[in-house]
Engineer: 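Please read through the structure below; I'll follow up with questions.
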Amino acid sequence: MKKAKITKNLNQIKKELKNAQLVAVSKYSPFEDVVLAYEANQFDFGENKVQELIDKAQLAQGLGLNKIRWHFIGHLQTNKVKDLIKIPNLFAIHSVDSIRLLEELMKREADLQVPELKLFFQVNTSHELEKSGFDSPEELKQALDLLMAKPSSKLKFFGLMTMGTIRTTDFEVEASRCFRDLALIAQNLESLYQLKDKLHLSMGMSQDYKLAIEAGSDYVRIGSAIFKT
Ligand SMILES: *Cc1c(COP(=O)(O)O)cnc(C)c1O
């Protein structure tokens, strides 16, 4: 029954995605749900805790779920980088939110098990204090300069991530504003750095992914709408 429900939710959401990729956020879900989603052809999964990701990645490897691509989406403490970076099938980190974290990733990148790791820089478009992320274009540029100074790096600047405002009376308007802001910041960086590849936008969760898709999202990160409803 659980399998039918997860499959139905996945299929429903996938119809609405346009060209966006779906990252199924399994952070509230037991590993068994990851397997059920995998059997329904969902291969991108997101987690926000390093130890939980390590545990699930190990179980997945044990079962030979080799198509899985793991996305780390939570606040990453610098002292956990060394463990995260060794995970097989690690695809992207959506939450690079400080220069200090980027420096630590660059220091440890030799331990990567994958040829390339995609990085999204997290931008605090809602300016809520409890949210992580770069607060200004200057900080973002500093981070980008740091990464670009090492062209041989296996860390690839892949795009930007944001979350819509939580505390607001008009959450749809606010979320759309955050998403459009992120798209503009990405455009500015693309032209400023003359980037060959378009930046990818990671935005949209269960309650606001439709708005994010309208604003041009490339990666939506959806948990409860797949696993909980
Ligand atoms: C939990 C989480 C999500 C998914 O949230 P849902 O509301 O369950 O879809 C997406 N992005 C981040 C960064 C998260 O922490």
Side-chain angles (χ1 to χ4, degrees), residues 6 9-10 13 20-38 42-61 65 68-98 100-102 104-105 108 112-114 117-126 128-134 155 158-167 175 178-179 182 200-209 212 217-229:
I6 289 174
N9 290 342
L10 281 169
I13 292 166
Q21 301 282 318
L22 172 59
V23 178
V25 175
S26 47
K27 67 186 185 193
Y28 311 115
S29 310
F31 177 68
E32 137 193 28
D33 289 11
V34 171
V35 178
L36 296 177
Y38 187 94
Q42 174 64 34
F43 305 129
D44 287 275
F45 291 92
E47 287 284 335
N48 69 342
K49 298 233 163 61
V50 172
Q51 191 54 50
E52 177 119 9
L53 177 44
I54 290 172
D55 293 345
K56 282 178 175 150
Q58 243 160 28
L59 291 168
Q61 205 178 21
L65 310 185
I68 286 197
R69 308 195 298 183
W70 291 109
H71 298 247
F72 190 80
I73 62 170
H75 175 64
L76 178 55
Q77 290 169 274
T78 47
N79 65 351
K80 301 275 173 66
V81 166
K82 61 178 187 315
D83 300 324
L84 178 68
I85 212 141
K86 291 180 193 148
I87 293 177
N89 293 0
L90 184 63
F91 182 73
I93 299 176
H94 290 240
S95 43
V96 177
D97 57 9
S98 72
R100 205 165 82 89
L101 176 57
L102 180 62
E104 182 65 15
L105 286 162
R108 303 275 180 187
L112 276 171
Q113 307 294 302
V114 288
L117 180 64
K118 299 172 184 14
L119 301 184
F120 293 86
F121 291 174
Q122 182 173 354
V123 183
N124 187 359
T125 52
S126 72
E128 288 171 299
L129 283 179
E130 74 272 26
K131 292 251 186 75
S132 331
F134 292 98
L155 305 172
F158 195 60
L160 301 178
M161 181 274 239
T162 201
M163 283 187 266
T165 310
I166 301 168
R167 287 183 314 280
C178 292
F179 299 154
L182 195 72
H200 297 82
L201 303 176
S202 167
M203 52 190 199
M205 309 175 22
S206 291
Q207 61 167 357
D208 55 18
Y209 71 89
S217 180
D218 300 295
Y219 285 82
V220 293
R221 312 174 307 270
I222 301 181
S224 14
I226 298 169
F227 295 110
K228 280 205 166 167
T229 51

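If you read the sequence from its start, that first residue is 1, and numbering goes on from there. Just so you know, these numbers use all the heavy atoms, side chains as well, and skip hydrogens, waters and symmetry mates.
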Engineer: Could you give me the CA-CA distance, side-chain angles and deciding distance for Glu128 and Asn124, then say whether side-chain hydrogen bond (donor to acceptor under 3.5 Å, both in side chains) is met?
Structural biologist: CA-CA 7 Å; Glu128 288 171 299; Asn124 187 359; over 6 Å; no
Engineer: Which heavy atom in Asp97 sits nearest to a heavy atom in Ser132, and how many Å separate them?
Structural biologist: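 Scanning both residues completely, I find the closest heavy atoms to be OD2-CB, 3.1 Å.
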Engineer: Quick one: does Asn9's side chain get under 4.5 Å of Ile222's, heavy atoms only?
Structural biologist: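 Heavy-atom side-chain distance check fails, nothing below 4.5 Å.
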Engineer: For the residue pair Phe45 and Tyr38, what are the closest heavy atoms and their distance?
Structural biologist: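 Of all heavy-atom pairs spanning Phe45 and Tyr38, the closest is CZ-N, 4.0 Å.
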Engineer: If I compare all heavy atoms of Ser95 with all of Gly74, which pair ends up nearest, and what's the gap?
Structural biologist: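 Taking every non-hydrogen atom into account, OG-O, 2.6 Å.
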Engineer: Look at the side chain of Gln42 and the backbone N and O of Asp44, then say whether any donor-acceptor pair between them is shorter than 3.5 Å.
Structural biologist: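 Checking the backbone N and O of Asp44 against the side chain of Gln42, a donor-acceptor pair under 3.5 Å is found.
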Engineer: Check whether any side-chain heavy atom of Leu155 sits under 4.5 Å from a side-chain heavy atom of Leu112, and report yes or no.
Structural biologist: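 The answer is yes, as the side chains (C-beta and beyond) meet within the 4.5 Å cut-off.
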Engineer: OG1/Thr125 to CG/Leu182 distance, rounded to the nearest 0.5 angstrom?
Structural biologist: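 Here the interatomic distance stands at 6.5 Å.
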Engineer: Report yes if the side chains of Ile93 and Leu84 come closer than 4.5 Å at any heavy-atom pair, otherwise no.
Structural biologist: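 In short, these two side chains touch, coming nearer than 4.5 Å.
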Engineer: Let me confirm one number: the CD1-CD1 distance from Ile6 to Ile226, rounded to the nearest 0.5 Å.
Structural biologist: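 Here the interatomic distance stands at 8.5 Å.
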Engineer: Using every non-hydrogen atom in the two residues, find where Thr162 and Arg221 come nearest and quote the distance to one decimal.
Structural biologist: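 In terms of heavy atoms, the two residues are closest at O-NH2, 3.4 Å.
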Engineer: Find the distance between CZ (Phe72) and CG (Leu90) and round it off to the nearest 0.5 Å.
Structural biologist: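 Between atom CZ of Phe72 and atom CG of Leu90 there are 9.5 Å.
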Engineer: Do NZ/NE/NH1/NH2 and the carboxylate oxygens of Glu104 and Arg100 come within less than 4.0 Å?
Structural biologist: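 Arg100 and Glu104: not salt-bridged.
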Engineer: Nearest 0.5 angstrom please: Tyr219 OH to Gln21 CD, how far?
Structural biologist: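 Nearest 0.5 Å value for the OH-CD distance: 5.0 Å.
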Engineer: Keeping Ser98 on the side-chain end and Leu101 on the backbone end, is there a donor-acceptor pair under 3.5 Å?
Structural biologist: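 A pair under 3.5 Å: yes.
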Engineer: Here's one to test your reading of the geometry: is the NZ or CZ of Lys228 within 45 degrees of the ring axis of Tyr28 and under 6.0 Å from its centre?
Structural biologist: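 Yes, a cation-pi geometry holds between Lys228 and Tyr28.
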Engineer: Check whether Ser206 reaches the backbone of Ala225 with its side chain - one donor and one acceptor, N or O, closer than 3.5 Å.
Structural biologist: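 Yes, because the side chain of Ser206 sits within donor-acceptor range (under 3.5 Å) of the backbone of Ala225.
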Engineer: If you look at every heavy atom in Ser126 and Met163, which pair is closest and at what distance?
Structural biologist: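 Closest approach of Ser126 to Met163: CB-O, 4.3 Å.
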Engineer: Would the distance check show the side chain of Lys27 and the main-chain N or O of Ile73 forming a donor-acceptor pair, the cut-off being under 3.5 Å?
Structural biologist: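 Pair absent, no side-chain N/O of Lys27 close to backbone of Ile73.
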Engineer: Over 60° means perpendicular and under 30° means parallel, so classify the ring planes of Phe121 and Phe134, tilted if in between.
Structural biologist: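 Judged by the thresholds at 30° and 60°, the geometry between Phe134 and Phe121 is tilted.
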Engineer: Could you go through the side chain to side chain contact (heavy atoms under 4.5 Å, CB included) check for Ser26 and Asp33 one step at a time?
Structural biologist: CA-CA 8 Å; Ser26 47; Asp33 289 11; over 6 Å; no
Engineer: Closer than 3.5 angstrom, by distance alone: can the side chain of Asp218 be matched with the main-chain N or O of Leu201 as a donor-acceptor pair?
Structural biologist: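 Checking the backbone N and O of Leu201 against the side chain of Asp218, a donor-acceptor pair under 3.5 Å is found.
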Engineer: Looking only at heavy atoms, which two atoms of Ser202 and His94 are closest? And how far apart?
Structural biologist: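 The pair with the smallest heavy-atom distance is OG-ND1, 2.8 Å.
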Engineer: Starting at CG of Leu105, measure out to OG1 of Thr78 and round the result to the nearest 0.5 Å.
Structural biologist: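 One gets 9.5 Å once the value is rounded to the nearest 0.5 Å.
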Engineer: Would you say Asp55's side chain and Glu52's backbone share a donor-acceptor pair under 3.5 angstrom?
Structural biologist: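 Pair absent, no side-chain N/O of Asp55 close to backbone of Glu52.
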Engineer: Given Leu22 and Leu10, is the side chain to side chain contact (heavy atoms under 4.5 Å, CB included) satisfied, shown in steps?
Structural biologist: CA-CA 9 Å; Leu22 172 59; Leu10 281 169; 3.7 Å; yes
Engineer: Looking at CD of Gln122 and CG of Leu119, how far apart are the two atoms once the value is rounded to the nearest 0.5 Å?
Structural biologist: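 Spacing of CD (Gln122) from CG (Leu119) equals 12.5 Å.
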Engineer: Between His200 and Phe158 (side chain of the first, backbone of the second, donor and acceptor by atom type, cut-off under 3.5 Å), is there such a pair?
Structural biologist: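 Answer holds: yes.
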